[in-house]
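First the proteins, then the strands, lettered A, B, ... as listed; each starts at 1.
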Protein chains: 2
Amino acid sequence: MDNDNKTMAHSNMQNAIVSIASEVFAKFGFKKTTVDDIAQALRKGKSSIYYYFKSKEDIFKAVVEKEADALREKINVILNSDLTTIDKVRAYVNTRMQAIQVMANYYTLVSERDVNNLDLIEKLRSKYDTEEVSIIKALLTEGVEQKVFQVKDIELSSVVLLTAMKGLEVPLFLEHWRTESLDTILNDMLNMLFYGIVIRNS
Amino acid sequence: MDNDNKTMAHSNMQNAIVSIASEVFAKFGFKKTTVDDIAQALRKGKSSIYYYFKSKEDIFKAVVEKEADALREKINVILNSDLTTIDKVRAYVNTRMQAIQVMANYYTLVSERDVNNLDLIEKLRSKYDTEEVSIIKALLTEGVEQKVFQVKDIELSSVVLLTAMKGLEVPLFLEHWRTESLDTILNDMLNMLFYGIVIRNS
DNA sequence: TTTTAGACCATTTAATGATTTTAGTCGAAA
DNA sequence: TTTCGACTAAAATCATTAAATGGTCTAAAA
């Protein structure tokens, strides 16, 4: 078997592990899932898993990264589209609010708040928050460049918007506090963002 | 001692307990503070405390309520002032963002997230969140009535604003992530809220 | 009559040692 | 190159015992 096929087979096995691990982690959570659980689900020995991954933590990171990729793909379609910047922001927020479902394993780890995993939680949180702030900054910058937006402090505004979205995850997704469709709610919020609440006389 | 003086004396002792308890809770947190700690700080026996309060939880609630009163007093000055509605909102947000310092015991309890106290946390959170939403609704309603604001869904907007403020408590107060003054940061955010980010051509 | 506090109870928490489980490694076999 | 059984060290769990704590009772003091 030449080198490329060997690497391909290696990758295939890694992908298989990540897929199965994703399901096992989803079922039991990070803490309660053992590497032996994952191995058994793959019908292999535990040390086989360690041939492909350095540690349990690395497997979990790969799982979360795969889920993040699914979200990134959707978001990149929006960023690269011909939509107006305003519509891009709308589409982005709508898609981003699916994060809690698409990146279920990451959110579960964060909410577990297990003191033994705070380091892992902080690593992941930092990585994905930084990424999100970059996306929002890019959108705000595009809007400013096209003279559609006026934003005094893009860095601050990006963080504020991300913080607001994250804060709303709980009432919108975990508590189901409103009966209107998510689209309606997000639309109202975005209109507040775009046009403000102060009435300006023409 | 007639009845009024008796009641007065009773209240005085309750106030003394709340004051001292506030300090002890602030020092050790709810969980680590024992009723005996509070009693010793007052140079009394533990069962004396139970003569004035039904439970440790009731003492803590009284402590938090006292702190909340300090914040309410400041906010009521704003609500009852002759300021324009826009300036009232500005002043309210500035004052409200002091909550994390003025209501320190409440915030400490919430961040402890002790599973044995989730019930108490939820009771207090519900109480004070409901109160805050009412204040924001009143301000938005006043603005709409004076035709200064245009808000499609006052209930939703109030909750969104409160959620955003709460979400920003961490970066602004606990992580000191920005070097500008708090006033500057809050001002920028409020301008986003009032006027939006979309440039509207006259 | 009101206030106080020591003694007490039931429950919770902490400490401890023993046992089990788990992450990760090694080396031989396939 | 890949797999896995055996193994190790550390971590986690369990059962038991002791200590601590929230709260109560009742008698004494103010």
Take the protein atom [atom1] of [X] and the nucleotide atom [atom2] of [N], then report the distance between them rounded to whole Å.
| X | N | atom1 | atom2 | value |
| --- | --- | --- | --- | --- |
| A/E57 | C/dA23 | CD | C1' | 12 Å |
| B/N117 | C/dT13 | CG | C1' | 14 Å |
| A/K56 | C/dG24 | NZ | C1' | 12 Å |
| B/K31 | D/dG22 | NZ | P | 12 Å |
| A/D36 | D/dC7 | CG | P | 16 Å |
| A/F28 | C/dT22 | CZ | P | 11 Å |
| A/K46 | C/dA23 | NZ | P | 6 Å |
| A/D114 | D/dA11 | CG | P | 14 Å |

Check this one for me: any side-chain N or O of [X] less than 4.0 Å away from OP1 or OP2 of [N]?
| X | N | result |
| --- | --- | --- |
| A/T34 | C/dT22 | no |
| B/Y51 | C/dT3 | yes |
| B/Y50 | C/dT4 | no |

Please verify the inter-ring angle class for A/F25 with A/F60; under 30° counts as parallel, over 60° as perpendicular, anything in between as tilted.
perpendicular
Check every strand shown and say whether B/Y52 touches a base, only sugar-phosphate, or nothing at a heavy-atom separation below 4.0 Å.
sugar-phosphate
Have a look at B/S47 and say if it touches a base, only the backbone sugar-phosphate, or nothing, with a 4.0 Å heavy-atom cut-off.
base
Please step through side chain to side chain donor-acceptor pair (under 3.5 Å) for the pair A/E65 and A/Y106, ending with a clear verdict.
CA-CA 9 Å; A/E65 188 61 8; A/Y106 166 67; over 6 Å; no
Contact nearer the 5' end of DNA chain D, comparing A/K44 with A/K32:
A/K44
Could you tell me whether A/K27 and A/D37 have a side-chain N and a carboxylate O separated by less than 4.0 Å?
no
Proximity to the side chain of A/V35 - top-ranked nucleotide from D/dG22, D/dC4, C/dA23
C/dA23
For A/T34 and A/K46, does a side-chain donor sit closer than 3.5 Å to a side-chain acceptor?
no
Decide whether a cation-pi geometry holds between A/K56 and A/F30; the criteria are a distance under 6.0 Å from NZ or CZ to the six-membered ring centre and an angle within 45° of the ring axis.
yes
